[in-house]
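Note that ligands are numbered from 1 as they come in the structure, with each ligand's atoms numbered from 1 the same way.
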Amino acid sequence: MANSLLERDAMVLAGIGKLRTYPLTIRNARGNRLIEEDGREVLDLSGAAGAALLGYGHPAVIDATQRGLTECASASDMFGASESAVALAERLLEIVPEATDHKVWFGHSGSDANDTAMRAITAATGRKRFLSFYGAYHGGVSGSMSVSSHPSQQHSLPRAGLVQIPYANPYRPISGDDAAKSVFDYLDFLFTCGCPPDDIGALFIEPLQSDGGMLVPPPGFLKELTERCRRHGILIVSDEVKVGLGRPGHWHCYQAEEFAPDVVTFGKGLGSGVPISAIVAPCHVMDFQEAFALITTTGNAVSTCVAHAVLDTIENEDLIANAQARGEQIKAGLRDLQERHALIGDVRGRGLAIGFELIRDRETKEPATSEAAKVVLRGYQLGVVFTYVGMFSNVPELTPPLTLSEAEADEAVQLIGQAISDVEQGKVSDEEVAAFAGW
Ligand SMILES: Cc1ncc(COP(=O)(O)O)c(C=O)c1O
């Protein structure tokens, strides 16, 4: 008998299977639903970790892909000026209000955008050190991985000279009750005793730390932190790859935190499934040196036409407001569930970037790690897909397409509630989840 798609996948695709948290197959997808090999439809609350910003098969994306191939047809922005790439750069400069004397670089993934930003900043400032957060994820290539520190990346060492600080986590402050103060105290200590701040080129920030646990920092934390860094000439990079571009109920997540970045990086949702990333950064950084990142097919017509379509659709379909409204609806639903299920310790997020932290005891906040894997697997069995994040792998994460409807948001909450009840009643065994190592 021929092998199933999952068996063939396990035989030929490297390094992915173990990360999965359920046996999903994807034959096709439409709207906000994935269609499995056997025709079963599941509601996608992950959106491929936020990449499927407009869901699947959106007419604007299909049309833009076709136009990119037929009308524009440039393979690269490196060998000539093309209208779609230039106009997209102009447009990104417009939607980043801080971009006063800035330029744009295009790449293919959030990973290469953060990586390239690091190289440009090092060259332009002459400073070789970076500041980033424990639990951060900025990408999967050597540079961007080297300023990340999610527990899944223990196989790779941080870059030499990296300075790391805890992310202020209101639910689990590192000491005392004031999550922000404990981080500032630590930063003061580091700047005095650990690393001269004038050696640091940039602070990398996720304005909502996603893989570290969907952490929304306390009000004012990032504003004060960035001001403290700026005093030492440290540039501020806002990584908007996963939680930006309309998802937080603003164009950019840093706007919710009221800090002003020097550099903004985009990826994932900018192409809604088609690879494209971008850096918006000051000219003195971007123009310091030629050829700090040469990747032949950057700025190609398909990617740039699709990114235009994504920006158009966010505006035309009022998706920033929808992200805000659906996000509030889901959080309210999850808070209702929290009253009935002691397993839910915290519900948090901005717009359609939501996490709910699972714990075994409301006093000790012991992370409910295996329970999170079970809830995610049970959700899949019931017809809704999402995964989990967090330093203890105990925070189910929802980053659905911004096109999620009100009815789908209700359906999502209902199925999550059912999954939690089923796990509480022991309907998912340890053996069942053991097949999925997760992360
Ligand atoms: C905040 C953040 N930055 C960068 C990246 C890297 O993006 P990509 O995997 O598309 O290269 C990710 C991926 O999850 C991310 O969450």
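- Applying the side-chain hydrogen bond (donor to acceptor under 3.5 Å, both in side chains) test to pairs two or more places apart or on separate chains, those with a residue in residues 79-90 are Ser84-Thr304.
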Taking only distance into account, with no hydrogens and no angle test, what donor-acceptor pairs under 3.5 Å do side-chain atoms of residues 133-144 form with protein atoms, sequence neighbours excluded?
from   : atom 1 : to     : atom 2 : distance (Å)
Tyr137 : OH     : Gly140 : N      : 3.4
His138 : ND1    : Asp239 : OD2    : 2.8
Ser144 : OG     : Ser111 : O      : 3.1
Ser144 : OG     : Val141 : O      : 3.4

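- For Arg33 and Asp44, the salt-bridge test fails: no basic side-chain N is under 4.0 Å from an acidic carboxylate O.
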Identify all side-chain donor-acceptor contacts of residues 210-219 below 3.5 Å with residues at least two apart in sequence or on another chain.
from   : atom 1 : to     : atom 2 : distance (Å)
Ser210 : OG     : Glu206 : OE1    : 3.2
Asp211 : OD1    : Lys242 : NZ     : 2.7

Every pair of nitrogen or oxygen atoms between ligand 1 and the protein that is under 3.5 angstrom apart - can you list them with their distances to 0.1 Å?
from     : atom 1 : to     : atom 2 : distance (Å)
ligand 1 : 3 (N)  : Tyr137 : O      : 3.4
ligand 1 : 3 (N)  : Asp239 : OD1    : 3.3
ligand 1 : 3 (N)  : Asp239 : OD2    : 2.7
ligand 1 : 11 (O) : Ser109 : OG     : 3.4
ligand 1 : 11 (O) : Gly110 : N      : 3.3
ligand 1 : 11 (O) : Ser111 : N      : 2.8
ligand 1 : 11 (O) : Ser111 : OG     : 2.5
ligand 1 : 14 (O) : Lys268 : NZ     : 2.8

Step-by-step salt bridge (charged side-chain N to carboxylate O under 4.0 Å, His left out) determination, Arg91 to Glu94
CA-CA 5 Å; Arg91 212 162 163 187; Glu94 262 169 45; over 6 Å; no
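- The ring of Tyr380 has its center no closer than 6.0 angstrom to the ring center of Phe386.
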